[in-house]
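Accompanying notes for the structure given below.
Quick note on labels: first sequence line is chain A, next is B, and so on, each numbered from 1.
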Number of protein chains: 2
Amino acid sequence: MISNIAELIADRIGTMPASERRAAQTLIANYPMIGLKTVAEFSAAAGVSSPTILRFVSRLGFQNYPEFQSSLQDELAAQLQSPATRTLNPPSPGGGTVSPMLEATLDNMRETFRHLSDKQLADIAARLADRRGKTFLIGGRFTDPLARYMAAHLAVIQPNVFHLAGQESMWRDRLIDMGKRDVLVIFDIRRYQNSLVRFAEKAHQRGVQIVLFTDQWLSPIARFARHVIAGRTAVPSAWDSSAALFVVAETLIGAVTRQLEAEGAKRIREMESLR
Amino acid sequence: MISNIAELIADRIGTMPASERRAAQTLIANYPMIGLKTVAEFSAAAGVSSPTILRFVSRLGFQNYPEFQSSLQDELAAQLQSPATRTLNPPSPGGGTVSPMLEATLDNMRETFRHLSDKQLADIAARLADRRGKTFLIGGRFTDPLARYMAAHLAVIQPNVFHLAGQESMWRDRLIDMGKRDVLVIFDIRRYQNSLVRFAEKAHQRGVQIVLFTDQWLSPIARFARHVIAGRTAVPSAWDSSAALFVVAETLIGAVTRQLEAEGAKRIREMESLR
DNA sequence: CAAAATACGTAACATACGGTACAGCGCTCC
DNA sequence: GGAGCGCTGTACCGTATGTTACGTATTTTG
């Protein structure tokens, strides 16, 4: 079974005329980057003419050059999705139900944080730590618990943190309390919920700053969001995993806490004395 | 020092107008593949117009789109050369808030699962999949969202799943519905809550099987529990992390789902049709 | 050794792509 | 409330890019 273009070339290079073989060799030598450049560059690098490159990709079975490039890109994307571990760690011979799930989850987290800069998190944390406005949190069918989790922590270290629970009509009415200085944290992964999208839009219209936790395909809410956190969710299970988003949430909670250190500590002590 | 485009974006995303920010977000979410496609495809994916994409890359300091693409390709090529330096966000020596937190969390998970056997998880999953009894879930101050998360999923694939919410008196009254065939899933990490301990004890007296999610120091509820899952919670933050427990929960959800495959699938379809 | 077939590059071509001008709109700031 | 500015998309343009036709060179075969 031939699964990638490199193998395909190795398979057919024997049947190719001299110039096309040179094209094949240059591609293999600079795989796959040279194939993503223009025909002209490719041909120059291989020391052959453009038509030769085109005949070459055509011989590989592609209709045209762009199609060939797309194929290379897909291959590359698949590679980038699964970082080193996938190829390094054989899928744990024990074949338990645990390992694959755990491995995938760990990968998801690494991958999620790879796309997340310190600066971005710091920005969001600063926004959440800004005490001039209120903070609202809400989530979808399966992600609402994440919103609750975050709300539970934030509420300890600062006032004016509200988790929007209950019926849609309930939180819709809260819109009236929201304004420019306020922040709305939304969790929404596939399948995206229309009610949330509508809500986000209305909040956005009121000038509320939206922080969105979503999956890599981006909820439509991204359209209205000031900050978007895209977590990986794919695991070998019937369900998507929110674990990566959960960890991002915890990281943010930690960052906000640090920023509010001084006042937060006082507040926590005060709260303890009340319990 | 900014060494790659992703960082560059993170650095400047704050200064960008809304539409360009959307472009930036979609690029980060699908980094870097989207940037290698045509302007038209990129713009479509981001839901903005082509000129916005061009303004976006121009704002990043590139003369034109092809130059931007070349830059992405170079970056990609460098990555492919040395798999070791794969990381987008280098371990930020400046004491970034991200890395230590993520590393600790990943360690926690590995450590948690190291002490968890396939058999143990399978047993618990079997118990939860047993449809003869009811399943109740509850958590503490910060962990209740985990109970909710688990309940939300389990409730989709089987009947008689109940999350115990609200006041203590509320769930105490539910004790009367609980018996030998029922399962009570409790989340309790430091600082352990007396109310939960009392509740667990009473449930235990009624013969309810308790599945406890706790930290490595074991909540006193472990005394009454049939199954104990001890997750690592230590992270460099003011708070404990529930992430490891979260992942165990997801793993369990997956396992139960697999066990109830047949009936579960039917149920899910039925539920879809109701929505 | 001749004739045919194949391989290869040059040059002309069409189009899809990146780029730009401009107008409408919303927002902010007097 | 009005003027100004900045953002964004539509429509159009020039061109770089992939593609094709064709003629020459090279190899193959009888």
Side-chain angles (χ1 to χ4, degrees), chain A residues 5 9 12-27 32-73 179-182 201-210 220 222-226, chain B residues 5 9 12-27 32-73:
Chain A
I5 297 181
I9 292 172
R12 304 207 184 162
I13 198 170
T15 74
M16 295 181 187
S19 287
E20 292 182 34
R21 198 170 312 154
R22 290 185 62 187
Q25 283 158 351
T26 11
L27 177 55
M33 300 316 294
I34 198 85
L36 298 178
K37 302 194 183 290
T38 67
V39 175
E41 286 178 279
F42 190 171
S43 67
V48 299
S49 69
S50 322
T52 300
I53 299 297
L54 296 174
R55 280 188 285 263
F56 163 65
V57 305
S58 144
R59 191 182 299 265
L60 290 178
F62 296 98
Q63 290 298 320
N64 48 33
Y65 195 70
E67 183 183 306
F68 159 75
Q69 287 189 317
S70 300
S71 197
L72 276 180
Q73 284 189 13
K180 288 189 215 303
R181 350 200 80 169
D182 301 329
E201 181 168 13
K202 296 213 185 81
H204 173 67
Q205 282 164 2
R206 296 186 62 88
V208 178
Q209 305 228 2
I210 295 180
R223 190 188 181 80
F224 314 115
R226 180 64 169 267
Chain B
I5 297 182
I9 292 172
R12 306 207 182 163
I13 198 170
T15 74
M16 294 182 187
S19 285
E20 291 181 35
R21 201 153 46 213
R22 287 182 62 192
Q25 284 157 353
T26 25
L27 175 57
M33 300 317 292
I34 262 281
L36 298 178
K37 302 197 185 288
T38 66
V39 174
E41 286 177 279
F42 190 171
S43 68
V48 300
S49 68
S50 326
T52 298
I53 299 296
L54 296 175
R55 281 188 286 261
F56 164 65
V57 304
S58 143
R59 191 181 298 264
L60 290 179
F62 297 98
Q63 290 299 323
N64 49 34
Y65 195 71
E67 182 183 307
F68 160 74
Q69 287 189 315
S70 299
S71 195
L72 275 180
Q73 285 187 11

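Here S19(B) reaches the OP1 or OP2 of dT8(D): one of its side-chain N or O atoms lies under 4.0 Å away.
The nearest whole Å value for the distance from the CG atom in L54(B) to the P atom in dG9(D) is 12 Å. Protein atom CZ of R22(B) is 16 Å distant from nucleotide atom P of dC7(D), rounded to whole Å. Nucleotide dT17(D) holds its P atom 17 Å from the CZ atom of F68(A), rounded to whole Å. Straight-line distance from the NE2 atom of H204(A) to the C1' atom of dC27(C): 12 Å, rounded to whole Å. We find that OH of Y65(B) is positioned 18 Å from C1' of dT15(D), with the value rounded to whole Å. dC17(C) atom C1' lies 13 Å from atom CD of Q69(A), rounded to whole Å. The CG atom of N64(A) sits 12 Å away from the C1' atom of dT17(D) (whole-angstrom rounding). Between E67(A) atom CD and dA16(C) atom C1' there is a gap of 16 Å when expressed in whole angstrom units.
Taking the side chain of T38(A) as heavy atoms from C-beta on, and the options dG18(D), dG19(C), dT19(D), the nearest nucleotide is dG18(D). The side chain of T52(B) lies closest to dT8(D), out of dG18(C), dG9(C), dT8(D). Picking from dG18(D), dG18(C), dA7(C) the nucleotide with the shortest atom distance to the side chain of V39(A) gives dG18(D).
The terminal axes of the helix from dC1(C)-dG30(D) to dC30(C)-dG1(D), fitted over 5 pairs per end, subtend an angle of 30° to the nearest 10°.
F68(B) and F62(B) have perpendicular rings, their planes meeting at more than 60° on a 0 to 90° scale where under 30° would count as parallel. Using cut-offs of 30° and 60° for the angle between ring planes, the H204(A) and F224(A) rings count as tilted.
Summary of the strand contacts: P17(A) and S50(B) both lie near DNA chain C, and taking for each the nucleotide with the nearest heavy atom, the more 5' one is attributed to P17(A).
The two atoms that bring L27(A) and P32(A) nearest to each other are CD1-O, 4.3 Å, heavy atoms only.
For R55(B) and dG9(D), a side-chain-to-base donor-acceptor distance below 3.5 Å is present, hydrogens and geometry of angles not being considered.
Using a 4.0 Å heavy-atom distance criterion, P51(A) is classed as a base contact.
Taking CD of Q69(A) as the reference point, atom OG1 of T38(B) lies at 11.0 Å (rounded to 0.5 Å).
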